Each structure stands twice: as C-alpha cells, then as structure tokens.
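What follows is a set of notes on a single structure, which appears directly below.
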Protein chains: 2
Amino acid sequence: MTDDLQTRAINTIRFLAADAVQQANSGHPGLPMGAAPMAFTLWTRHLRHNPRNPKWPGRDRFILSGGHGSMLLYSLLHLTGYDLSLDEIKNFRQFGSKTPGHPEYGLTPGVEVTTGPLGQGFGQGVGMAIAATHLAAEFNKLGHEIIQSYIYGIVTDGDLMEGVSSEAASLAGHLQLGRIIYLYDDNHISIDGPTDLAFTEDRAGRFEAYGWHVQQIGDGNDVEAIDAALKAAKADPRPSLICVRTIIGFGAPHKQGTSKAHGEALGDEELKAAKENLGWPVEPRFLIPGEVLEFYREAVERGRERETDWKMRFDAYQRIHPALGAELQRRLEGELPDGWDADLPQFPVDAKGMATRSSSGKVLDALSLKLPELIGGSADLTPSNNTKFQGAGDFEKENPGGRYLRFGVREHGMGAALNGLNLFGGLIAYGGTFLIFSDYMKPAIRIAAISSIRSIFVFTHDSVGLGEDGPTHQPIEQLMALRATPNLTVIRPADANEVAEAWRVAINRRHSPTAFALTRQNVPTLEGTDRGFLSKGAYILKDFGENPQLILIASGSEVSLIYEAAQKLFAEGMAVRVVSFPSWELFEEQDEAYRESVLPKNIIARLAVEAGATLGWERYAKSVIGLDHYGASAPYKVIFEKFGFTVENVIAKAKELLK
Amino acid sequence: MTDDLQTRAINTIRFLAADAVQQANSGHPGLPMGAAPMAFTLWTRHLRHNPRNPKWPGRDRFILSGGHGSMLLYSLLHLTGYDLSLDEIKNFRQFGSKTPGHPEYGLTPGVEVTTGPLGQGFGQGVGMAIAATHLAAEFNKLGHEIIQSYIYGIVTDGDLMEGVSSEAASLAGHLQLGRIIYLYDDNHISIDGPTDLAFTEDRAGRFEAYGWHVQQIGDGNDVEAIDAALKAAKADPRPSLICVRTIIGFGAPHKQGTSKAHGEALGDEELKAAKENLGWPVEPRFLIPGEVLEFYREAVERGRERETDWKMRFDAYQRIHPALGAELQRRLEGELPDGWDADLPQFPVDAKGMATRSSSGKVLDALSLKLPELIGGSADLTPSNNTKFQGAGDFEKENPGGRYLRFGVREHGMGAALNGLNLFGGLIAYGGTFLIFSDYMKPAIRIAAISSIRSIFVFTHDSVGLGEDGPTHQPIEQLMALRATPNLTVIRPADANEVAEAWRVAINRRHSPTAFALTRQNVPTLEGTDRGFLSKGAYILKDFGENPQLILIASGSEVSLIYEAAQKLFAEGMAVRVVSFPSWELFEEQDEAYRESVLPKNIIARLAVEAGATLGWERYAKSVIGLDHYGASAPYKVIFEKFGFTVENVIAKAKELLK
C-alpha cells in the first residue's frame, strides 16, 4: 500500500472515533486518535482473525484494556468487516446500540473482553495467555500446532497504575507467558493532567523486573517501528511490553497532548480544525474513503483463508490424532463429556462431618478425573482452600500442561486471570481464596458477572467460624454484597452433599459465574441433603410435624444448628419446618409455586440464622440471628457461643417470634 | 550489651511468639522467629517511642504489615513496657484478649495500624509518611523540627505481591517519601511453599523502578548489617526498602525454611527441639530472662526522656511561634476549631439545581478555609469528583505543604493511604473516585471501618444516572454492599443542602469512616432539605395532606422523583408522605420514637425508590423500584425512563401498592 493510503487508513480510525464521540457528545476521542497507528499496524499486519467468524478458535485475541477508547475498537471492527454497521458507530453510547461507552463482551461481535474498569483487560489477557499456553501443551503435536494464539492488547497509563495489573504482570513474568504482547499507549496524560503529577516511575524498569521483554518506540506514528517491535516481541519467549510514545488526541491542534483530549467530545470547532490539520475532509462526518474500506476489508478474505487453512490443519490433526482431535473439538465447543457428573461423591449422614472446604476438595478430586478442562488454583492458600485436586501438577513454564495454578498472594490478578482463562475457550477455571478476600477481587468478580463468564470462585473460611484469625479475616458483609451483585450465583452449602451439588450447578451454569462460601470448620453431614435440591436454591430439609407453625431458615454452617433446634422444639410439641437456603439466586429462579411450597405466605413466623450481615434477610424472614458487627479472635466454638449462634438462642428467638 | 545478651534478647522474642502460638494452638510462629533480629535492631536502636504514652505525637510509627506475625509485635510491646501484660500474651487469640490473631488498632496499646489483610499496612504507612511530611512542611521551623517521625515497617512476600502495595509504592516513590523505611522479611516462603512457585520477579529492581532506595542484607541474623542499613536508609532522601534474607521459623530444626513454619503451632516436640537448638531452656514457657527484660525495659526511661525532650522543644516552639504552636496543639489533639461549620453554604430552592458532586465541591471550598487540617485528593478523577477545593496546591515533593493529593489511578492505594493519613493525627483526609470503583478499594474501606478511622470517601457518579459510560461504570450493588459493612456510614444526599449536612456529619464522626454517594447529573434543590435533618438518617421531607396513607421513600437523585410523584398523587386526593432517606446507619442510630415518627408501623404502604440493588429495602418498604440488573450506555434521562425511574412509574407502583 502507498504511504498516502496508509495515512488515510489511520486517519479514518481517528475521525470515525472523533466523529462518533462528537455525535454522542460523550466519550473519549484522545486514545483512538493517538493510538490509531499502533492499532492499524497490529490489526493489518499481525492480528490473525476472521471478521466473519469472531469465534474462530484459531484466532489471536485483541484486548483494548483502556476500554474508554472503545471507539478505536468499534472503528476497527467496522472497518475490517465484523457485523457492526456504520449505523451502530453513529449510535455510539445510545440505548440499545452495540456500541456502548465501554466494550462489552457478548454484546458486540469481535469484542473479546469487557473492559473499562482499568487493569481488567490487562489481567484477563494474562488468563488468556495461560489458557493458550496450556491448551497448546495439551493438544499441539509436532507439525500440528493447532493452538497458536497470541494475546495482543493496548494498555494505558491507568492500566499500568492499577494494582491488578501489577499482580497480573508479575505472574505473567513468572510464568514467562510469551504469547502476551501488549502495546502501551504512553501518552503522558491522564484525567488529572500530565502523568508527571502522579506517575513518574520507570515503567520499563518495572516490567523488566517482572521478567518482561520491554521495547521503546519514540514516535507513536512510526508504523514501521511498531511493526518491527511486534515482530521482535513474537520472537522473544517473554511476555512483551512495547512502550509507544504517543500524543493523545493526535491532530487536534489545541487539545492534543492535553487531558482536554481525553474524556469529552472535541467540539465542532476543534474537530474541524483537527480534520483540516490532518488534511481530512471536514464533511461528511463518518467518512470512510472507498479505497480505505477496500483495504481494511481485505481482512475478510484473509480471515476466511486463515480459518480455512486452520480447519484443514485441524482436519489433518483429527485424522492423525483422532482421540485428541475429538477431545479438542468437544472442548472448543464447550460441551461437557457424557457422564461427567455421574461419579460425584455422595456422603453418608455423619454427625462429625467435615468442613465444606474439605468436601469441596473431594468433589474436585472426582470432577478432575472426568473434566480434563478443569483448571484452577489459589491465591497462595492452597492447603486452606483445598483447591488442589489429587494428581494436579503445577502449571509452570517448564510444565505448561499442569492444571494447578499458583497465583501467589494476588487475589485480584487471579480473578481477572480466571475470567481470561474461561473466556479463551476449552477450559473451566476456578480459583480459591478466603471469602474475606473476595473484597480484594470484587472488580474481577463483577467483570465475570457482567460478561456472563463461567468463573468459579471458591471462597473458604466463610464466617466468624474461621475462629482465631479474628475480625480482619472474618467476613460479615461479604455474603450479602455478593448476593446483591447481578448475574452472580452465590452458594453457601450446608454440608458435603450440598457441596457436591453446588459444584454440579456451577459447572452447568455456563453463562454466569458462581461463588461458593465454604466453611473452615467441620459441619455434620445431614439427612436429606443428598436429594439434589440445592439446585433449587432453598428447600425443605425436614418438616418436624405437620402444618408447621414456624420456619427456621439457614445457610451453610448454621443449617445443622437450626436442625437441632427444630428437633428440640418439636420435642416440646411445636411443628417446625427446617429450610436449607444455600442460594438466593437459584431460589429466585424457581417458579412462584415452588417458592410458595417452601415458604408459604401464611407462615409468617420465620427465623433466619446466618453468621453474616442481617441486611437483606427481611426478604424471607421475620427475624434474623446474624452479625452486624465485626467478629472476634477466638476458637470458633467460643465465638459462636458469644455471638448467639447456639441451639439455645435459636430456640429462644423462635419462641419470642411465636409469641 | 554483650553478644550473648543480644542473642538472648532476640531469642526471647522468638520463643515468646512460639510459646504463645503453641498455647493457642493457632497462629504464625515463623515470621516472629525469622524476623526477630530485624525487629530487635529497629526497636532497640532506632524506633523513637514512649511505651508509657503510645500516643506521644513525636513518636516514630511502626507497622507490622504482615499482621499474621502479630506475636512479634505483641512480644515487643510487652517487653518494652507497653500496657500489655504477660497474661495477655498467654491469652493470645482468645476471646476478649488484647492479643487477637492479627493486630487491631484501638484495641492494643502500641498497635498503630490494623493489619492482616496483606498490603494494607504497607499502604497505610505511605499515608502516614505523607502526613508526617505535610505536617513537617506546615509546622516545622528552622531549629524547631517538631515533626520528625519516621514510618518503619516490616513487610512480607505477601505484602509485596498484593496490588495495593504496588500502587502505594509507586506513589511513595513519585512523592519521594523519605520517611518510609520498610524492612522486607525476605524468607522465600509463602503458604503454598517456596516463593519460587509464584514470585520470582526482581523485587529490588521493581522498587528501584518505583524510585526507592533499595538495600540487600544476606543474613537476617546480622544485627550490625541491619543497623547500618537502617542508618543508610535514614540518610537517603528516598523511601527505603531493606531486603533482609531471613529463614522463616529460624531455629526450629525440622520446620524452619519451610511453609510448615508459617501458619500453625510448631508442636510440642518441634518447639522443644527449637529451644534446644538455640540453647534456650525448654521450660518454663513464656520465659523472659531477667536481664533481657531489664534491657528491653530501658525503652521506658528512654521513651520518657524522649518525650520530655520533645515537650521542651514543643514548649519553646510554642513560645516563639505562638499561633502555629496553638494550631499544632489543637490539630494533634484532634479538636475542631470553633465555628468550623458556621459558614457552610446554604442553597436556595432551585428546580434546576446542581449535581451533588458539584455542591460537594462548593462545600469543600468552604470547609477548606476553616479546616486547615483538611487534605484530600482523587484517584485521577479530580474534574469529575470535584474534590479539589479552591486554592489547593498539589502535595508534591517540591511542595509538601500542598493540600491536594494526586493519587493517580490507584484507588486501593488511595484508600490505604487515606487511612494512614487519618491515623497519623493532625489531619482529616478524604479521597474521591467513582462509586463503582469503591469495589477497587473495599479492603481499605473495611480497614477504616474496623479501625474506627475518620476516612472520608467521596464517591461520585453514584448510579446509572451517570449515563453514557455504561454498565461497567454504573454501580448497582455497591450502595447496599457498603451499607452492609459495619461501622461505615453511607450517605447519599438528595441535594445540595443535604450535601452540606453530610460533610458536617462526616467531619463530626470522629470514630468512623463515611462514604458519600454523589450524583454526576443535576438534581433540584428541594424545599425542606435545609433543616439539618440529614443527620437523623431519614426524615419527613414533606407530608402532602394529613394522615398519610402512603409513604414514598428515596435517597439521592430519586428524592426529587418521589417528591413530584407525591405532589401529583396529592392532587388526585391521596395523602402522601415523602421521606428522604440518605443514610441507613444514621437512621438506625435514632431512638425508636423518632424512627416510628418517620415510618409509623401502621402505614404499611411504603414504596422505596433507589437506582440500585433492591436487596435490603424490605427492611423499610413494602415495594421497591430499584435495579437488579446491570445498566446501559445512554444519556441518563433515557436510562431513567427505560428503567422505570419516572414520576409516572412511581405513581403507578404506588397505586398498585395501595390496592
């Protein structure tokens, strides 16, 4: 292509973005205008993708971690021939459009990850790179490299300032994830002004310390330099950061290089001046010169060829390695193997029981044998979270086939990586930490929920019942906070059998994340929990007597408590229903008739018992035994006693309620 | 002192810790045993403190960021003469003791910060260093250096892996906070095993990239090397990290240097072997040799002398600089100046109104003139959060007297730093970001709440009303999640007058943090909000008619909506009460009579309207108009319309309820 065409192709991105932001009178023109050349270089010379099949498994992945620059991505998607019309571009940031303010996975064809909250794209890319590396180790054979994806990204100052990126970057360096190639839009500007105000660290030095390959490009418009750096990055076994010095809002004569170009429309006048400055027709808006479109749309044919070639290679692979080929096919399609849950352990009634974190470990052992796609780890709490299944080898640079992930003390990075692992395809990824540290990774949990990703969060030590570690480690508000999060399923199983069912539910919920809340302490295995009713969210564990006058409701470790209380109340002549209530979300999915059958409206004497915040329980109960203050450091039996989680207190409160 | 006494003094720490953990059969012996020499060196040769007055303002601060090693700190506190008896040590991790599993500020004399959740201590230290630097700039005069505190800490592998520390470290390097001197307990072990599993970055290189002064010590038992490094750190203008290679559980022959020494009691046998190994009497437990105690207790006299000397210097300062001296005295005592809130702006009724983030900015302008202790900033959203008051200069290394903090895109680091700023004394610190990003800093908010710190969190863009930025930026569950957090006051003001009162409340609540939820969009200034009733949490904004048959409840931007709906319903002949409900916590502090006067039990037709999760509203309302799904990218008026936040829908739902 000629230099002129190249320049016009780049300017097309710039002005599609600037025009769309102007039309919406809202958005971020600066990033697209500054980063257009690197995006152009990456998308037209390196990125392997098929615009007509955004789900082609052989594709590279592109992540715009600075999601505020969404118009950069939307422009590229439209130009290269994805199913994203110019009308959608014109409808930027309008209700019902496919072009929301920040890219949303699942909404817009070609958007690989939801970004916007800074650092999340960076971290999800690390998970994708783990996935690609692991699947390559599992499936690639000499001469049959089916999994070859690179994970490309554009990351920003804000991304690099966020702690989640630091965690993810350190992990990526440790694991030497050479498939990661991130272009850093080093524009020296953030919302407050020049990055000099707050961000003067030696970024290159920092990433070198993480074990990354770092390159510097002085002129963000130098396509050849960017191209050469991308080539060098691919040739290097380390994850790569290419620092590209850009000018935010490039071309806008009065606003470029300042924070004024960042987060608002340029304004008609400045937009006009920018177009004149770069030799671009002022009208019409949303101009795409014919030969520019033609050039970009070559991606369609190139993509088709690439996918065809990949399919041929995959066919050959399937012929030579039929078992592996079939397995890979299944995994990429996201189908579960027949009978995957046939051998889940069942647990006999047992007064001593075991901690639900322990039964979770046993269930994982069983699942891991049937589900080779299961991969997971812990944020350095492996022996506490029971997340390592029998025989799991560590995923390490020398052992990329390993299915156990050592995330380090990096909950937030873990959360983001889990999302990327699950997004990549072919894997089901879970990760563990203490429930209290769900706070450390909440933004990643939310990304999973908003993106409908099947990330499984194994949170153990789920209440003051964890004991001596004390208030700093004892969750109070966390359960309710997670329940309030849309499209996240929270499950707090009562015992080992409910744990088995909880895993079944989580694996089956392909389009939403699940969070388990599991005990540190032993809980008895109860009669009646083995009927699979957990999947209904709440169920009648037992009616003591007919026509109950009282319903006792609990989740998790408190279920055995109300069970015993009900027995005693029944012995005193009261008819009492015991409801195990492991999951609000599952219960609220049931039909009205089922819900009424468990919690009939006419039984108003309902007492809920849960070792957590009471806020919210008014939805289902008249009275609550809960905790609206911080915990205490002591053996857990003492804590339960002191805070009223005793059979006696349940009985007393129940009688009060019946008065 | 003799080498022998020194060794025994160090071993006393080791075995007090190991014995206490053994007695509790719970806890972390490894850190204290490995880090005892560095703690010894710091506490006996450098730390300026007065055990008999843990609140002496002239003291240095000590932070055990790896709070799991709490017995190290408790040992030091007991040995150097703080009000922490040996019985408390023996009562480690028991209910009601002053020696909980992780250090808790406010509970144990001499514990400067709550730690345990990793990285929080590291980050709070950065805030403390900002405070010390700022106060020194404001108050110190040549020859009268009243504020000289160093911020010492012991940080661990886990601390360095957490993103919050990365954020805080980058900020500390940028600001060149030379008062920070952190000893890094580089023991090569975390819970999962050797740090090789997950943490192989070049830590020294990383901190050098942040702009820190980094030193390496090869032998963690080398007291003289540690001493020399501490001296060098003080002489260097940069923040300092001293990497000390230690052996976790030093002395325990079979467990030292392994993760087995980390998080559980050594066991009687190994404890015995450790004592024999280090030449320590196996019995009695909790042994403190007389001359060791005598040596440590010199800290009492030394501390008394230091404080006396400081007081003399402060007296001289007060004589020579009486105004400054009086001001510093007031500030250190935490007293507010007379009339500090006399000139808070009042806002006339105004249908157009303004965004509550804007009125917050105006209130801040007024407060900043009366409260020189007010210092604050934003995580790179200054123009959006309106957190910069008129005339505020940036706090930078060249301008340490500046009262505005450029935190960068580092919400979590900001949260931790705010806590440290407020803990140090003499300042009231606030920080802003979008409400959605409260998720990024939740662990720090919780530390503020658990530690009763007056950190003020200015969260703007508090609902889908922020408009075009879309679902990734629109809070849904955040409000309820914060409300569920004990000892955190959440205030969502309806208009400018409620904002003014919200700031008054937040400043007055000396022992708890406050979170504001403020709008991006304009809200009208209503009649009746200027009566100061916000402080009661909920109040009757207006009764339309007598003996209301319906109560409409709302917070924030939805109050004007129910107000208008009530007007219309009244015009149709209904008697309707409008309740503004800005703060659940404040309301729940009111007496029963007041609460009954606002929400009488006999009026059951109550409709709550809030643009957030409905979970929880059952406590106060029969029906709720809320949002239990993610938002949308569109102009906010469209969103409000589409999601039912309209006068018409309120009226319709109210009528349904009355049926």
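All values reported here derive from a predicted model rather than from experimental measurement. FYI, side chains are in, hydrogens and waters are out, and symmetry mates aren't considered; it's all heavy atoms of this structure. The sequence lines fix the lettering, A, B, ..., with proteins before strands; numbering per chain opens at 1.
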Give, as side chain, backbone, both or neither, the part of [X] having an atom under 4.5 angstrom from any heavy atom of chain A.
X         : answer
Arg203(B) : neither
Gln474(B) : backbone
Ser190(B) : both

Does some side-chain heavy atom of [Y] sit less than 4.5 Å from a side-chain heavy atom of [X]?
X         : Y         : result
Arg483(A) : Met480(B) : no
Val409(B) : Ile191(A) : no
Pro471(A) : Ile450(B) : yes
Glu468(B) : His102(A) : no
Arg93(B)  : Asp469(A) : yes
Tyr630(B) : Thr485(A) : yes

What are the two closest non-hydrogen atoms of [X] and [Y], and how far apart are they?
X         : Y         : answer
Gly205(B) : Ala209(A) : C-CB, 3.7 Å
Ala484(A) : Ala613(B) : O-CB, 4.1 Å
Thr472(A) : Thr115(B) : CG2-O, 3.8 Å
His174(A) : Leu197(B) : NE2-O, 2.8 Å

Contact leader toward chain A among [options], where contacts are heavy-atom pairs under 4.5 Å:
options                                    : answer
Gly413(B), Gly67(B), Ala449(B), Ala168(B)  : Ala449(B)
Leu627(B), Ile436(B), Asp159(B)            : Ile436(B)
Ser259(B), Ala204(B), Ala634(B), Gly101(B) : Ala634(B)

Give a yes or no on whether the backbone of [Y] and the side-chain of [X] come within a donor-acceptor separation of less than 3.5 Å.
X         : Y         : value
Tyr440(B) : Pro443(A) : no
Asp380(B) : Asp192(A) : yes
His412(A) : Val164(B) : no
Arg410(A) : Ala198(B) : yes
Glu167(A) : Glu162(B) : no

Chain B interface, residue from [options] that has the most non-hydrogen pairs under 4.5 Å:
options                                    : value
Gln478(A), His473(A), Glu104(A), Arg446(A) : Arg446(A)
Met441(A), Glu208(A), Glu411(A)            : Glu411(A)
Gly467(A), Gly193(A), Ala481(A)            : Ala481(A)

>> Assess whether a salt bridge exists between Lys442(B) and Glu477(A), defined as any Lys/Arg side-chain N lying under 4.0 Å from an Asp/Glu carboxylate O.
In response: yes
Side chain, backbone, both or neither: which part of [X] has a heavy atom under 4.5 Å from chain B?
X         : answer
Gln94(A)  : both
Trp584(A) : side chain
Thr114(A) : side chain

>> Could you tell me if Arg619(B) and Thr614(A) have a donor-acceptor pair between their side chains, going purely by distance under 3.5 Å?
In response: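 Yes, Arg619(B) and Thr614(A) have a side-chain donor paired with an acceptor closer than 3.5 Å.
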